[in-house]
A.B. asks: 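One structure coming up, written as structure tokens, with questions to follow.
Nothing here was measured: the structure is a model prediction, and the numbers come from that model. In this chain, numbering begins with 1 at the start of the sequence shown. Below, each value reflects all heavy atoms present in this structure, side chains not excepted, and no hydrogens, waters or symmetry copies.
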Amino acid sequence: MNKNAITLATYNKAAQKYWEKVSSMDQYDTSYDTFCQLLPHKAKVLEMGCGPGNVTQYIMRKRADLDYTACDLAANMIALARKHNPLAHFLRLDCRKIATLSQTFHAIIGAFILPYLNKVECASLIRDCAKILKPKGILYLSTMEGDDSQSGFERTSFSGEDEVYIHYHQEGYLKQCLIENDFEILQLFKQVCQEPDGRVYNDMLFLAQRV
């Protein structure tokens, strides 16, 4: 199996444990609140890589008026997300294929979707987001900051012996990709996240607007 297939298998296997980990996390709530404040009434929102629906749940509790569609590639994650968010719409879809969607959105959010994409795929994703965002649409993307040489297989606090492949990304490259695709960067949040096993990550959270 390739790295994407191994990562997908891990998330399908550990979906419930992943939900138990992330459902109580609140360190990114400030950035999600800012995202919500930027959305018009009854905005159409697309969430990429929704996992078990924890971010979906937080945002829909804040903004019950939203027309919310979420996608993920892992079938077991989608099943949990549907269970936790009965009012949202869900698709089993690889974020690399969002350009195939026939509709456009007021906003797109990808909370830590970039760690599962290489540099070329990140650039393609940002380009695809620009294609399906309405004028002045909002884009939220987050990832861990680091050099590409740090990328590789890692065990996580929820996956036991199973591994996922993590890509690390640099601020300058992502800013360049956003600007080249006619996004204005509204805000960049940076914060440190410490895992239960002691590992420390430097997180970057981008809020941008299509010009």
A.B. asks: Donor-acceptor check, side chain of N85 to backbone of L87, threshold 3.5 angstrom: yes or no?
C.D. replies: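 It does not hold such a pair.
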A.B. asks: Does some side-chain heavy atom of L174 sit less than 4.5 Å from a side-chain heavy atom of L114?
C.D. replies: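 Touching, per the 4.5 Å side-chain cut-off.
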A.B. asks: Taking atom types as modelled, find out whether Q209 and K136 have a side-chain donor-acceptor pair closer than 3.5 angstrom.
C.D. replies: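 No, K136 and Q209 have no side-chain donor paired with an acceptor closer than 3.5 Å.
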A.B. asks: When rounded to the nearest 0.5 angstrom, what is the spacing between CG in L207 and CG in L38?
C.D. replies: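 With rounding to 0.5 Å, CG (L207) is 6.0 Å from CG (L38).
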A.B. asks: Count I, L, V, M, F, W, Y as connected when their side-chain heavy atoms are under 4.5 Å apart, and connections chain through other members. Are V45 and F112 then in the same cluster?
C.D. replies: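 Result: yes, single cluster for both.
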A.B. asks: Give a yes or no on whether the ring-centroid distance for Y58 and Y28 is below 6.0 angstrom.
C.D. replies: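 For Y58 and Y28, the ring centres are not under 6.0 Å apart.
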A.B. asks: List the residues meeting ring-ring contact (aromatic ring centres under 6.0 Å, His included) with Y18, not counting sequence neighbours, and say none if there are none.
C.D. replies: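 Y18 satisfies ring-ring contact (aromatic ring centres under 6.0 Å, His included) with Y11, F158 once adjacent residues are dropped.
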A.B. asks: Once side chain to side chain donor-acceptor pair (under 3.5 Å) is applied, do any residues pair with D128, and if so which ones, sequence neighbours excluded?
C.D. replies: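 With sequence neighbours excluded, D128 shows a side chain to side chain donor-acceptor pair (under 3.5 Å) to no residue whatsoever.
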A.B. asks: Identify, with sequence neighbours excluded, every residue that meets side chain to side chain donor-acceptor pair (under 3.5 Å) alongside K175.
C.D. replies: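 By the side chain to side chain donor-acceptor pair (under 3.5 Å) rule, K175 matches E171.
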A.B. asks: Does N118 offer a backbone N or O that forms a donor-acceptor pair with the side chain of E121 under 3.5 Å?
C.D. replies: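 Yes, because the side chain of E121 sits within donor-acceptor range (under 3.5 Å) of the backbone of N118.
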A.B. asks: Return the set of residues passing side chain to side chain donor-acceptor pair (under 3.5 Å) with S24 (not counting sequence neighbours), or none when no residue passes.
C.D. replies: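 Scan of S24 (side chain to side chain donor-acceptor pair (under 3.5 Å), adjacent residues dropped) gives none.
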A.B. asks: Roughly how far apart are I108 CD1 and L46 CG, rounded to 0.5 Å?
C.D. replies: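 Reported to 0.5 Å precision, the distance equals 5.5 Å.
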A.B. asks: Taking all atoms of both residues into account, what is the closest heavy-atom pair of L178 and A208, and its distance?
C.D. replies: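 Smallest interatomic distance, heavy atoms only, reads CD2-CB, 4.3 Å.
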A.B. asks: So, taking the atom named CD1 in I59 and the one named NZ in K62, what distance separates them when rounded to the nearest 0.5 Å?
C.D. replies: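 Here the rounded value is 11.0 Å.
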A.B. asks: Take atom NZ of K44 as the centre, draw a 6.0 Å sphere, and report whether it contains more than 12 heavy atoms from other residues, nucleotides or ligands.
C.D. replies: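 Check passes, neighbour count above 12.
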A.B. asks: Does atom NZ of K134 have more than 12 heavy-atom neighbours, drawn from other residues, nucleotides or ligands, at distances under 6.0 Å?
C.D. replies: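 Result for NZ/K134: enclosed.
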A.B. asks: Compare all side-chain heavy atoms of C129 with those of M48 and state whether any distance is below 4.5 angstrom.
C.D. replies: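 Of all side-chain heavy-atom pairs linking M48 with C129, at least one is under 4.5 Å.
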A.B. asks: Do L188 and K190 have side-chain heavy atoms sitting under 4.5 Å apart?
C.D. replies: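 Yes, at least one pair of side-chain atoms sits under 4.5 Å.
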A.B. asks: Any side-chain heavy atom of I109 sitting closer than 4.5 Å to one from F35?
C.D. replies: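 SC-SC contact between I109 and F35 confirmed.
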A.B. asks: Grab the two heavy atoms, one from L205 and one from S142, that are nearest each other, plus how far apart they are.
C.D. replies: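 Looking at all heavy atoms of both residues, the shortest contact is CG-CB, 3.9 Å.
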A.B. asks: Apply side chain to side chain donor-acceptor pair (under 3.5 Å) to S31 and list each qualifying residue two or more places apart in sequence or on a separate chain.
C.D. replies: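 Y140.
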A.B. asks: Under a 4.0 Å threshold between the charged nitrogen and the carboxylate oxygen, would D72 count as salt-bridged to R92?
C.D. replies: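 No salt bridge links R92 with D72.
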A.B. asks: Find out whether M144 and I166 are in side-chain contact, i.e. whether some heavy atom of one side chain is under 4.5 Å from a heavy atom of the other.
C.D. replies: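 Contact flag for M144/I166 side chains = yes.
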A.B. asks: For a salt bridge (charged side-chain N to carboxylate O under 4.0 Å, His left out) check, start with the C-alpha distance between D162 and R155, then their side-chain angles and the critical distance, and finish with the verdict.
C.D. replies: CA-CA 6 Å; D162 298 310; R155 291 179 182 174; over 6 Å; no
A.B. asks: Would you mind reporting whether V55 and C50 have side-chain heavy atoms less than 4.5 Å apart?
C.D. replies: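 Of all side-chain heavy-atom pairs linking V55 with C50, none is under 4.5 Å.
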A.B. asks: Tell me whether N2 contacts the main-chain N or O of A5 through its side chain, where contact means a donor paired with an acceptor under 3.5 Å.
C.D. replies: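 Side chain of N2 to backbone of A5: a pair is present.
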A.B. asks: Walk me through whether E154 and R199 qualify under salt bridge (charged side-chain N to carboxylate O under 4.0 Å, His left out).
C.D. replies: CA-CA 11 Å; E154 298 183 9; R199 286 178 295 176; 3.5 Å; yes
A.B. asks: Say whether, by atom type as modelled, one donor and one acceptor occur between the side chain of N202 and the main chain of V192 under 3.5 angstrom.
C.D. replies: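 No; judged by distance alone, with no hydrogens or angles, the pair does not exist.
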A.B. asks: Can you see which heavy atom on A99 is nearest to which on I132, and at what distance?
C.D. replies: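 Answer, listing the atom of A99 first, then I132: CA-CG2, 4.4 Å.
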A.B. asks: Quick one: does Q150's side chain have a donor or acceptor within less than 3.5 Å of a partner on D147's backbone?
C.D. replies: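 Answer holds: yes.
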A.B. asks: Search all heavy atoms of G146 against all heavy atoms of Q170 and return the closest pair with its distance.
C.D. replies: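 Of all heavy-atom pairs spanning G146 and Q170, the closest is O-CG, 3.4 Å.
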A.B. asks: Determine which pairs satisfy ring pair (Phe, Tyr, Trp, His ring centres under 6.0 Å) with at least one residue from residues 166-204, sequence neighbours left out, and list them in order.
C.D. replies: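 As it turns out, the ring pair (Phe, Tyr, Trp, His ring centres under 6.0 Å) pairs with a partner in residues 166-204, which skip direct neighbours, are Y165-H167.
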A.B. asks: With no hydrogens and no angle check, is any side-chain donor or acceptor of R82 less than 3.5 Å from a backbone partner on H89?
C.D. replies: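 No.
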A.B. asks: Measuring from S157:OG to E195:CD, what's the distance to the nearest 0.5 Å?
C.D. replies: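 Those atoms lie 4.5 Å apart.
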